[in-house]
Amino acid sequence: WGVFRMFERDDARYLFSREIKELIIPKENVITVDPEWSLERALLVLTRRQTSSVPVINRLGQVEGLISKTGILDFMLHHSRDNQSFDFSGLSKHKVKEAMDRNHQGIMANSIFSFAFEILINRSYIPIIDEKTKFIGILTRKVLMEKVIEYFQQEYLEIVGKRKEG
């Protein structure tokens, strides 16, 4: 039984030390916005695509941050006259780069699973960049969790199989 436990730990180490490349959703399948777009246009994209946030990608193909519905509303509230009401007429006067969250530059495509897992605990996705800092896609918490569930399901089936054999 001890040998079997050792195998499981090595298997888990393998899962958490693997690169994330194969799990990336390519940029062609990701909704993005330009930092020069108006907040009105960004909010329209977020609303029509039924998503709460998207990566902000500049003309060089680099991640500048993320823009979210909450970020836009917070920005508008902060820029209102009384800090208690929303003036949506101002959305067209402000750019995405003014309201975006710059704390989401992305991680490298060759990052390991455990690193990505740790980052995605508090985020629904993270932008993925190459060695030239170009945006190549996103990695979602959902995809990572599916891999973890797959691992534990496989481990369970192996345990059940060993018990039936023994």
Side-chain angles (χ1 to χ4, degrees), residues 12 15-153:
L15 171 68
F16 282 90
S17 65
R18 287 175 45 200
E19 289 185 1
I20 59 171
K21 281 182 189 167
E22 67 189 44
L23 305 174
I24 296 170
I25 298 169
K27 67 181 178 182
E28 296 78 19
N29 300 336
V30 178
I31 301 161
T32 63
V33 300
D34 187 288
E36 297 300 323
W37 285 7
S38 71
L39 290 178
E40 180 180 43
R41 183 174 179 186
L43 187 58
L44 193 58
V45 167
L46 290 166
T47 303
R48 285 194 176 153
R49 297 301 185 111
Q50 299 179 345
T51 187
S52 58
S53 77
V54 294
V56 179
I57 310 300
N58 66 26
R59 293 201 168 113
L60 299 174
Q62 299 164 319
V63 178
E64 289 203 9
L66 303 179
I67 190 72
S68 66
K69 290 177 185 174
T70 303
I72 292 171
L73 293 175
D74 284 346
F75 178 85
M76 295 312 294
L77 187 61
H78 180 73
H79 284 83
S80 69
R81 292 172 204 214
D82 59 6
N83 282 342
Q84 294 180 6
S85 61
F86 294 104
D87 179 11
F88 289 101
S89 65
L91 283 174
S92 61
K93 297 174 186 148
H94 294 281
K95 298 196 180 292
V96 167
K97 64 184 178 184
E98 297 174 65
M100 69 183 181
D101 181 350
R102 296 179 187 274
N103 292 328
H104 297 273
Q105 299 299 315
I107 62 173
M108 301 288 286
N110 64 354
S111 297
I112 62 172
F113 191 98
S114 60
F115 177 68
F117 192 84
E118 191 175 319
I119 290 173
L120 286 170
I121 287 173
N122 296 315
R123 302 177 187 181
S124 58
Y125 70 93
I126 185 81
I128 306 299
I129 57 174
D130 66 13
E131 54 282 339
K132 295 179 182 174
T133 70
K134 299 277 189 201
F135 176 67
I136 61 171
I138 62 171
L139 179 65
T140 66
R141 182 172 50 210
K142 180 180 185 261
V143 167
L144 264 139
M145 291 308 297
E146 286 170 349
K147 284 293 175 192
V148 170
I149 290 167
E150 184 180 297
Y151 163 77
F152 283 114
Q153 286 174 337

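Keep in mind it's a predicted model, so treat the numbers as computed, not measured. Only heavy atoms go into these numbers, but all of them, side chains included; no hydrogens, no water, no symmetry mates.
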Cationic N near anionic O, under 4.0 Å, E150 to K147: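 Yes, this pair counts.
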NZ/NE/NH1/NH2 to OD/OE distance under 4.0 Å, K97 and E64: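 E64 and K97: not salt-bridged.
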Whether over 12 other heavy atoms sit under 6.0 Å from N29 CG: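 Yes, enclosed.
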Enclosure of K134 NZ (heavy-atom neighbours >12, cutoff 6.0 Å):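 Counting other residues, nucleotides and ligands, NZ of K134 exceeds 12 neighbours.
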About how many Å separate [atom2] of [Y] and [atom1] of [X], when rounded to the nearest 0.5 Å?
| X | Y | atom1 | atom2 | answer |
| --- | --- | --- | --- | --- |
| S53 | R123 | OG | CZ | 10.5 Å |
| D101 | T70 | CG | OG1 | 11.0 Å |
| L39 | E98 | CG | CD | 6.5 Å |
| M108 | I136 | CE | CD1 | 8.5 Å |
| K27 | D130 | NZ | CG | 8.5 Å |
| M100 | I67 | CE | CD1 | 8.0 Å |

Candidate pair V54 and T32, rule side chain to side chain contact (heavy atoms under 4.5 Å, CB included), full reasoning: CA-CA 5 Å; V54 294; T32 63; 5.7 Å; no
Kindly indicate whether the side chain of [X], heavy atoms from C-beta on, has any atom under 4.5 Å from the side chain of [Y].
| X | Y | value |
| --- | --- | --- |
| K21 | N110 | yes |
| I72 | L91 | yes |
| I25 | L139 | no |
| S68 | T51 | no |
| V56 | D34 | no |
| V63 | T133 | no |
| W37 | K95 | no |
| I107 | I128 | yes |

Hey, is the main chain of [Y] close enough, under 3.5 Å, to the side chain of [X] for a donor-acceptor pair?
| X | Y | value |
| --- | --- | --- |
| Y125 | K142 | no |
| R141 | I121 | yes |
| T47 | L44 | no |
| H78 | D74 | no |

Side chain to side chain contact (heavy atoms under 4.5 Å, CB included) assessment of F135 paired with V30: CA-CA 10 Å; F135 176 67; V30 178; 4.0 Å; yes
Minimum heavy-atom separation for [X] and [Y], please, with both atom names.
| X | Y | value |
| --- | --- | --- |
| I20 | A116 | CG2-CB, 3.9 Å |
| A42 | V96 | CB-CG2, 3.6 Å |
| S92 | E40 | CB-OE1, 3.4 Å |

Passing option when V143 is tested against L23, L120, I138, I24 for side chain to side chain contact (heavy atoms under 4.5 Å, CB included):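 So, applying the side chain to side chain contact (heavy atoms under 4.5 Å, CB included) to V143 and each of L23, L120, I138, I24, only L23 qualifies.
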Verdict with reasoning, E19 to F113, per side chain to side chain contact (heavy atoms under 4.5 Å, CB included): CA-CA 6 Å; E19 289 185 1; F113 191 98; over 6 Å; no
Parallel, tilted or perpendicular: rings of F75 and H94 (30°, 60°):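 Because their plane-to-plane angle is over 60°, the rings of H94 and F75 count as perpendicular.
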